[in-house]
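Excluded from the calculations below are hydrogen atoms, water molecules and symmetry mates; all remaining heavy atoms, backbone and side chain alike, are included. Not measured: the values here are computed from a predicted model.
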Amino acid sequence: THRSGRRFFMGLVPSGMSRYDDIAQMIDHAVLKPDATSADMLAGCDLVKAYGCASCCVMPHFAAEAAERLAGSSSVACVVIGFPHGSSRTAAKVAEATEAARDGAKELDFVVNVSRAKTGDWSFVADDIRAVTEAGHAEGAKIKAIFECCYLTDDEKRRLCQLSSEAGVDWVKTSTGFGVPPEGVAVGATDEDLRLMRDACPPAVQVKASGGVRTLERAELAFEELDVLCLRTRELAKPLDLSEQFVWIHRAAHAAAWTT
């Protein structure tokens, strides 16, 4: 099933779902390093399937291969658009989104035009977001708008939340994982940014934390206290923290599903 049926707000997690599943189904595993090979991508897809995660996020030229590898599983192919700087022309982003969806991507993570946002050209930014969102939705894909928060003021983040919500995106996302703030140290998703984005978006728009979620405790904090329902990581096993107990719970839950 597509993840739209596997995202659960706090207090609405179905009975019988284990803690492992709660966390695993929030995770998008990323294979996005510039030197990632086809073998790396396929291994990432296999890892996602084995852990029961939401998606494997890949570069556009891997869209069809990832979709084929994940076919028949509960995980889907997610493809980045205008990545990582968001500086592509809108027409190029639209074409990239359309082709990725037709190749089998069920989710599209596109980067907003950070340069135009910093310039204050909000009309351009709004048109860019809406065009990509409409193109993806027309092909049946879900849309995540990536902000790259490390470059933005709080007011700029709020404005992007407003424009993204008005355009009908499915998620807003903190960062690409490649952005480096002026201090020179990438920190990933911060609690402050996640709270701001959650408060600035209507309930129908979900929030995705990208980067900085490397432990089970951090994932649970995002899920339970910050109302974040989607995580991105390049180090899949770390947030899952696969102790023997969690592996046992996961296997028992799936065994029960098969026998009922």
Side-chain angles (χ1 to χ4, degrees), residues 1-9 12 24-32 44-45 48-49 52-60 62-64 66-84 86 90 93-112 126 128-148 160-177 189 194 197-198 200-210 222-223 227-233:
T1 58
H2 192 357
R3 104 157 73 198
S4 59
R6 302 197 296 124
R7 280 287 182 264
F8 306 106
F9 287 90
L12 297 179
Q25 292 180 12
M26 294 167 63
I27 291 177
D28 294 331
H29 178 54
V31 186
L32 296 172
C45 290
V48 162
K49 288 194 294 184
C53 296
S55 81
C56 189
C57 192
V58 303
M59 294 177 277
F62 283 139
E68 181 179 2
R69 191 74 161 199
L70 294 168
S73 73
S74 61
S75 305
V76 301
C78 172
V79 170
V80 291
I81 305 298
F83 195 87
T90 299
K93 289 183 183 178
V94 167
E96 195 171 38
T98 299
E99 186 169 350
R102 290 177 180 176
D103 280 345
K106 299 300 183 184
E107 297 178 4
L108 304 174
D109 287 23
F110 85 96
V111 188
V112 304
D128 186 69
I129 295 172
R130 186 173 301 279
V132 178
T133 301
E134 290 178 352
H137 283 170
E139 297 296 333
K142 299 290 186 180
I143 301 294
K144 306 189 199 87
I146 307 174
F147 290 178
E148 206 68 290
L160 285 172
C161 285
Q162 174 197 347
L163 297 179
S164 298
S165 300
E166 290 173 352
V169 305
D170 301 284
W171 289 268
V172 291
K173 176 177 169 180
T174 57
S175 52
T176 64
L194 293 171
M197 293 167 72
R198 181 63 279 163
C201 291
V205 178
Q206 299 181 23
V207 177
K208 177 175 177 178
S210 179
F223 184 44
D227 201 15
V228 172
L229 303 179
C230 185
L231 308 172
R232 197 212 82 176
T233 180

Taking side chain as C-beta onward, heavy atoms only, is D109 less than 4.5 Å from V79? no
Hey, what do you get for OG (S55) to NZ (K144), rounding to the nearest 0.5 Å? 5.0 Å
Let me check something: any side-chain donor-acceptor pairs from residues 130-141 under 3.5 Å, sequence neighbours excluded? List them with distances.
{"residue": "R130", "atom": "NH2", "partner": "E166", "partner atom": "O", "Å": "3.3"}
{"residue": "T133", "atom": "OG1", "partner": "I129", "partner atom": "O", "Å": "2.8"}
{"residue": "H137", "atom": "NE2", "partner": "D170", "partner atom": "OD2", "Å": "2.8"}
{"residue": "E139", "atom": "OE1", "partner": "R102", "partner atom": "NE", "Å": "3.4"}
{"residue": "E139", "atom": "OE2", "partner": "R102", "partner atom": "NE", "Å": "3.1"}
{"residue": "E139", "atom": "OE2", "partner": "R102", "partner atom": "NH2", "Å": "3.1"}

Would you check if the side chain of T90 reaches a backbone N or O of D128 as a donor-acceptor pair within less than 3.5 Å? no
For T176, is there any backbone N or O sitting under 3.5 Å from a side-chain donor or acceptor partner on E148? yes
Note: V58 and L32 closest approach over all heavy atoms is C-CD2, 3.5 Å
Nearest 0.5 Å please: distance from the CG atom of L108 over to the CD1 atom of I146. 10.5 Å
Rounding to 0.5 Å, atoms NE2 (H29) and SG (C53) come to a distance of 8.5 Å
Candidate list S73, S75, C45, test side-chain contact (heavy atoms from CB on, under 4.5 Å), partner C56, passing option: C45
Go through the steps for M59 and F83 under the test side chain to side chain contact (heavy atoms under 4.5 Å, CB included), then give the verdict. CA-CA 8 Å; M59 294 177 277; F83 195 87; over 6 Å; no
Is a side-chain N or O of K49 found less than 3.5 angstrom from the main chain of R69, in a donor-acceptor match? yes
Do the side chain of K173 and the main chain of V111 share a donor and acceptor less than 3.5 angstrom apart? no
By the definition side-chain contact (heavy atoms from CB on, under 4.5 Å), identify the one residue from I143, V205, V169 that meets it with S164. V169
S175 side-chain N/O to S210 backbone N/O, donor-acceptor pair under 3.5 Å: yes
Grab the two heavy atoms, one from W171 and one from V207, that are nearest each other, plus how far apart they are. CD1-N, 4.2 Å
From E107 atom CD to C57 atom SG, the distance as rounded to the nearest 0.5 Å: 8.5 Å
